[in-house]
Structures are given as structure tokens and as C-alpha cells.
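Numbers restart at 1 for each chain; the letters A, B, ... are given by sequence-line order, proteins then strands.
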There are 2 protein chains.
Amino acid sequence: MIDKEDIYKKLKAGGHRITRQKMAILDILLDNTDTMLSAGEIRSRIPMQMKIDDATIYRNVQGFADAGILESMIDSSGLNLYKLCDSSPHHHLICTECGRIINFPCRVDFWKPYLKENNFIESHHVIEIYGKCSDCADK
Amino acid sequence: MIDKEDIYKKLKAGGHRITRQKMAILDILLDNTDTMLSAGEIRSRIPMQMKIDDATIYRNVQGFADAGILESMIDSSGLNLYKLCDSSPHHHLICTECGRIINFPCRVDFWKPYLKENNFIESHHVIEIYGKCSDCADK
DNA sequence: TTAAATGCAAAATATTTGCACGTTG
DNA sequence: CAACGTGCAAATATTTTGCATTTAA
């Protein structure tokens with residue numbers, strides 16, 4: 001789905017250098033495109049021979065977000081979570097058991113009337129539905 | 001709109017004792033029903049002759065949330081924010097300039113089809129629209 | 001009076017920053 | 001080689017916790 005070379009291209013376009021550390025973090029994100037990971041979860045997935053400093057992880061996920069290659073959210077305990085961007089605008093069904101993320105398309109018209117009614121100028125929105133995915137509901 | 005005695009009643013029903021500290025925090029929340037406040041913002045609004053420990057503020061807002069008298073969210077920088085509950089299910093237009101919150105009614109049918117499609121069992125949802133309110137847009 | 005609440009101090013957690021050194025382009 | 005990135009250590013910031021003392025009911 002998501003092309004590694006595309007990502008590298010976007011990063012270079014944004015003035016980023018491709019380092020061993022960034023490649024490792026990207027590999028982890030590419031392996032987890034349907035879950036959002038915290039900095040700590042990224043760290044724990046780094047091959048143990050390879051050491052990457054926490055500060056480097058934090059700096060890089062922020063850099064990636066600035067470059068527009070990943071989306072972020074904050075979970076209910078205040079942790080920052082990240083995953084690679086998809087191309088089309090969408091929202092998330094988030095499984096509270098296994099963390100799986102299922103996308104569904106964005107439908108902006110739902111709240112548009114309320115924007116007009118209140119003369120409110122939207123900059124962005126957050127729509128997340130929490131619950132159990134089919135796999136976890138079965139158990 | 002929101003009745004103080006109702007709140008006290010709910011708190012007592014939940015086994016809470018009414019203390020000087022809780023009353024002060026509730027007064028602040030009652031004065032700010034259209035903004036969400038962080039623990040720090042609550043602290044800064046406490047009359048200066050009255051000292052309330054940070055730990056007490058944190059314990060109380062959590063207790064209030066457990067008792068169902070306030071709703072909470074986490075802002076984009078990871079801070080916990082709180083405001084007294086309204087009665088009817090709704091979502092928020094959140095002004096990023098002044099912090100004002102405008103409610104608009106919940107319409108669940110928008111994402112229902114995607115729940116069915118994915119056999120997803122919803123427990124709760126978060127819908128927030130960010131931007132500028134009419135007052136702040138004028139400036 | 002007694003269970004719950006508070007203040008204080010210390011701990012836990014997540015994230016950020018300064019700086020010297022290493023590495024990429 | 002020059003700019004950017006990294007590791008390390010220390011600093012922030014928010015929130016949580018243990019415990020002795022106070023207080024509401």
C-alpha cells in the first residue's frame with residue numbers, strides 16, 4: 001500500500017537526511033500501518049543490537065509529522081501515538097482491546113450546518129470511534 | 001443552566017464529602033461552562049487567600065469525572081481538560097484562539113453503517129471540530 | 001468517631017533541550 | 001566540508017502516590 005521510496009522522497013523534499021535511525025523507525029511504522037504506536041512502542045520494536053536514543057525517536061516522529069508522512073493522535077492517557085498517513089481523508093474505528101485501527105471515509109456534511117449556524121471557521125477535526133473490533137468481540 | 005444543588009446531590013450519591021476545596025473547584029467550573037479548563041487553569045483561578053494543593057485538584061477532578069459530573073478531554077499538547085457535563089449528548093466546536101466551546105447535537109447515524117460493515121461494537125466516540133469562533137474570526 | 005479528604009514531599013512518566021561529537025549529502 | 005542528526009545527560013511538565021494529619025458527616 002504505502003511505498004517506501006515515496007516516503008524517502010517526501011522526507012528529502014522536506015530537507016531531511018536519511019539516516020540509519022530514521023530508516024529503522026520507518027521500517028517499524030511500515031510494519032504497523034493499522035495500529036497507532038507510541039514512542040515507547042517504537043523503541044521496543046527496534047532490533048536490540050541497534051540502539052536508538054529516546055530523544056532521537058521523539059525528534060524523528062515529530063519531523064515525520066511535520067513532513068506530512070505520519071498522522072498523530074493523543075490517547076486517553078495522554079500518550080502521543082503515530083502511524084503512517086493514508087492518502088484519503090478518513091476517520092478511525094479504534095479497537096480498545098488490540099489497538100487495531102480501521103479507516104472509514106470522512107463525511108464532512110454532518111457538522112457543516114452547525115459551522116454555518118455559529119459562524120465557525122473550521123481548521124481541522126478529530127473523529128474517533130472506540131470499541132471492540134470483530135476479532136476481539138468474538139473472544 | 002447547571003444547578004449547584006444537583007451537583008452536590010450527585011457527589012453525595014457517589015459517596016463524596018463536600019469540602020471547602022471541592023466547593024471552590026466547583027465554583028470555578030460553574031463560572032466556566034463554555035470552556036474546558038486544565039488543572040493548572042483551575043489552580044490559577046483559586047482565590048489567592050485560599051490554598052489548595054495540586055494533588056487535591058487532580059484527585060478531585062478525577063473524582064468528579066468518576067461521579068459523572070464533568071467531561072474530560074486531552075488537548076493537542078497532552079493536557080487534560082475538564083468542564084461540567086451538559087445533559088444531552090453533543091459534540092464540540094472548539095475555538096483554538098479563545099478556547100470557547102460550542103455544543104452541537106450528536107448524530108450517531110453518520111458512522112453506524114461502518115460499524116455494521118466491520119462488525120465493530122462501539123463503546124464511545126470523540127468528535128471535535130477545531131477552528132475559530134465568530135468573535136475571534138472577526139479580529 | 002471514623003472513614004474519607006487534604007497537604008506535603010517524593011516519585012513516576014513522557015517529552016524536551018543544550019551541547020559536543022558523528023554522519024550525510 | 002558544512003549542515004544536519006545523534007547520543008548523552010539534565011531539565012520540564014504533568015500527574016500520581018505514600019503517609020501523617022485534618023475534617024466532614
Exercise answer: donor-acceptor pairs, residues 15-27 of chain B side-chain atoms, under 3.5 Å, sequence neighbours excluded:
unit_1, atom_1, unit_2, atom_2, d
B:His16, ND1, B:Leu11, O, 3.4
B:Thr19, OG1, B:Lys22, N, 3.1
B:Lys22, NZ, B:Arg17, O, 3.0
B:Asp27, OD1, B:Lys4, NZ, 2.8

The correct set of residues in residues 28-47 of chain A placing a heavy atom under 4.0 Å from DNA chain D is none
For B:Val108, the other hydrophobic cluster members (4.5 Å side-chain criterion, sorted by chain and number) are A:Leu93, A:Ile102, A:Phe104, A:Val108, A:Phe110, A:Trp111, A:Tyr114, A:Leu115, A:Phe120, A:Ile127, A:Ile129, B:Leu93, B:Ile102, B:Phe104, B:Phe110, B:Trp111, B:Tyr114, B:Leu115, B:Phe120, B:Ile127, B:Ile129
Whole-Å distance, B:Tyr58 OH to C:dA12 C1', equals 13 Å
So do [Y] and [X] actually touch side chain to side chain, heavy atoms under 4.5 Å?
X        : Y        : value
A:Met36  : A:Asp75  : no
B:Ile42  : B:Leu29  : yes
A:Arg100 : A:Cys136 : no

Start and end of chain B contact along DNA chain D [non-hydrogen atoms, under 4.0 Å]: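 Range of nucleotides within reach of chain B: D:dT14 to D:dA25.
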Checking B:Tyr8 now: which residues fulfil ring pair (Phe, Tyr, Trp, His ring centres under 6.0 Å) with it, not counting sequence neighbours?
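Per chain and number, B:Tyr8 pairs via ring pair (Phe, Tyr, Trp, His ring centres under 6.0 Å) with no residue.
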Practice item. Sequence neighbours left out, what passes ring pair (Phe, Tyr, Trp, His ring centres under 6.0 Å) with B:Tyr58? Give chain and number order. Key: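 Not a single residue meets the ring pair (Phe, Tyr, Trp, His ring centres under 6.0 Å) criterion with B:Tyr58.
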Sorted by number, residues from residues 70-84 of chain A placing a heavy atom under 4.0 Å from DNA chain C are A:Leu79, A:Asn80
Between B:Asp31 and B:Arg45, is a side chain to side chain contact (heavy atoms under 4.5 Å, CB included) present by the stated rule, with each step listed?
CA-CA 10 Å; B:Asp31 279 344; B:Arg45 284 168 169 76; over 6 Å; no
For B:Thr33, the side-chain contact (heavy atoms from CB on, under 4.5 Å) test, sequence neighbours excluded, returns B:Ile2, B:Leu84
By side-chain hydrogen bond (donor to acceptor under 3.5 Å, both in side chains), A:Lys83 pairs with (sequence neighbours left out) A:Glu71, A:Asp86
Self-check item: Qualifying residues under side-chain hydrogen bond (donor to acceptor under 3.5 Å, both in side chains), relative to B:Arg107, sequence neighbours excluded
Solution: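 side-chain hydrogen bond (donor to acceptor under 3.5 Å, both in side chains) list for B:Arg107, sorted by chain: B:Asp109.
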| message | So, taking the atom named OG in B:Ser38 and the one named CZ in B:Arg43, what distance separates them when rounded to the nearest 0.5 Å? | response |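 Between atom OG of B:Ser38 and atom CZ of B:Arg43 there are 8.0 Å.
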request  = To the nearest 0.5 Å, tell me how far B:Asp135 CG sits from B:Lys132 NZ.
outcome  =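 Atom-to-atom, B:Asp135:CG and B:Lys132:NZ are 12.0 Å apart.
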Under a 4.0 Å heavy-atom criterion, the protein footprint on nucleotides 2-7 of chain C, written with B, S and -, is -BBSBB
Before you tell me yes or no, could you show the steps for A:Leu30 and A:Ile7 under side chain to side chain contact (heavy atoms under 4.5 Å, CB included), namely the whole-Å CA-CA distance, both residues' side-chain angles and the distance that decides it to 0.1 Å?
CA-CA 10 Å; A:Leu30 281 162; A:Ile7 295 178; 4.2 Å; yes
Start with the C-alpha gap between B:Ile94 and B:Met73, add the side-chain angles, then the distance that decides, and say whether side chain to side chain contact (heavy atoms under 4.5 Å, CB included) holds. CA-CA 12 Å; B:Ile94 302 174; B:Met73 59 166 282; 4.0 Å; yes
- prompt: Looking at five pairs on each end of the helix from C:dT1-D:dA25 to C:dG25-D:dC1, what is the angle between the two axes, given to 10 degrees?
  reply: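 Overall, the helix from C:dT1-D:dA25 to C:dG25-D:dC1 bends by 40° from one end axis to the other.
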Using only side-chain N and O atoms of A:Gln62, determine if any of them is under 4.0 Å from OP1 or OP2 of C:dT15. no
